[in-house]
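Comments concern the structure below.
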Amino acid sequence: MDHILYEAEGGVAVITLNRPEAANAQTMALLDDLDAAWTRAAGDEEVRVIVLRANGRHFSAGHDLKDRWPDPDEITLEWIYNTEARRYLEYSLKWRNIPKPTIAAVQGKCIAAGLMLCWPCDLIVAAENAEFSDPVVYMGIGGVEYHGHTWELGPRKAKEILFTGRPLTAREAEQVGMVNRVVPLDRLDESARELAERIARMPPFGLRQAKRAVNQTLDVQGFYAALQSVFDIHQTGHGNALSVGGYPILTRLEDMKQRVKQG
């Protein structure tokens with residue numbers, strides 16, 4: 001089965017996460033294929049808007065913890081840093097800066113690395129059952145590699161979600177401005193498509209300039225520099241885990257993800 005599906009019609013490209021049996025948990029190969037799909041959509045002159053969606057009950061349960069690590073005695077901080085810099089931070093920043101409007105359609109659970117798929121998108125349409133969380137503090141790490149938390153939620157709500165590990169509901173996310181629209185689950189794809197088609201009717205160059213203006217403003221305010229700095233803070237969590245003998249908490253997190261897959 002292809003874990004990333006791609007189709008383009010009427011000026012709208014739709015990229016679909018297609019690993020529903022694993023709650024769209026992200027393997028290295030899936031992320032590489034996802035990046036290829038983003039690159040394809042960005043380079044297609046007929047595509048004006050890009051929609052990212054997911055098959056199954058959940059948008060994404062985050063990293064597939066059974067996929068991302070080599071044997072325990074082979075793990076080094078250098079390996080972790082290089083791997084995460086490329087596939088997590090750099091991919092997410094690349095998708096964020098694609099010069100076309102992008103929309104994420106999110107349903108069910110969006111856990112940890114799932115945020116690094118929807119946060120780079122310009123707009124987020126969420127189903128009423130959507131929940132957003134980053135529980136990696138359980139691992140002794142202060143948040144996922146792409147630290148959009150403070151920018152997306154504001155400082156106090158970001159701290160609450162990180163400190164407690166609790167999920168943010170779709171309505172809460174809408175209230176703080178992280179989500180643009182909350183719709184019934186059975187209208188999620190339709191609503192995202194309608195929004196994409198409306199945007200696709202606007203002049204492409206104007207859309208590109210509007211996106212650049214907003215993103216550049218955020219970068220002037222410190223967004224890009226902050227993400228680079230916090231990525232290094234994230235790596236101190238890995239260094240601490242390695243110094244005390246590994247990641248026993250991974251088992252607990254994997255158990256949690258298994259419960260998500262089972263509903």
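Lys94 meets the side-chain hydrogen bond (donor to acceptor under 3.5 Å, both in side chains) test with Asp35, Thr39; sequence neighbours excluded. In this structure, the ring-ring contact (aromatic ring centres under 6.0 Å, His included) partners of Tyr81, at least two apart in sequence or on a different chain, are Phe231. Lys100 is linked by a salt bridge (charged side-chain N to carboxylate O under 4.0 Å, His left out) to nothing, counting only residues two or more places apart in sequence or in another chain. Scanning for salt bridge (charged side-chain N to carboxylate O under 4.0 Å, His left out) contacts around Glu174 gives Arg171, with sequence neighbours left out. Qualifying salt bridge (charged side-chain N to carboxylate O under 4.0 Å, His left out) partners for Asp44, counting only residues two or more places apart in sequence or in other chains: none.
Considering only heavy atoms from C-beta on, Leu168 comes within 4.5 Å of Leu153 through its side chain. By the 4.5 Å heavy-atom criterion applied to side chains, His234 and Val230 are not counted as neighbours. His63 has its side chain out of reach of Val136: every pair of non-hydrogen atoms, C-beta onward, lies at least 4.5 Å apart.
Note on residues 7-16: pairs passing side-chain hydrogen bond (donor to acceptor under 3.5 Å, both in side chains), not counting sequence neighbours, are Thr16-Arg53. Listed by first and then second residue, the ring-ring contact (aromatic ring centres under 6.0 Å, His included) pairs involving residues 150-198 are Trp151-Phe223 (not counting sequence neighbours). The side-chain hydrogen bond (donor to acceptor under 3.5 Å, both in side chains) contacts involving residues 197-209 comprise Arg193-Glu197, where partners must be two or more places apart or lie in separate chains. Applying the salt bridge (Lys or Arg N to Asp or Glu O under 4.0 Å) definition to pairs two or more places apart or across chains, none involves residues 221-243. Under the salt bridge (Lys or Arg N to Asp or Glu O under 4.0 Å) criterion, no residue pair touches residues 132-143, with sequence neighbours excluded.
Phe205 shares a hydrophobic cluster with no other residue; no ILVMFWY side chain has heavy atoms under 4.5 Å from its own.
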Between side-chain atoms of residues 113-131 and protein atoms elsewhere (two or more places apart, or another chain), which donor-acceptor pairs fall under 3.5 Å?
residue : atom : partner : partner atom : Å
Asp122  : OD1  : Lys211  : NZ           : 3.4
Asp122  : OD2  : Thr102  : N            : 2.8
Asp122  : OD2  : Thr102  : OG1          : 3.2
Asp122  : OD2  : Lys211  : NZ           : 2.9
Asn129  : OD1  : Gly108  : N            : 3.2
Glu131  : OE1  : Lys109  : NZ           : 2.6

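Surrounding OH of Tyr224 are at most 12 heavy atoms belonging to other residues, nucleotides or ligands under 6.0 Å away.
With salt bridges taken as basic N to acidic carboxylate O contacts below 4.0 Å, none links Glu145 and Arg87.
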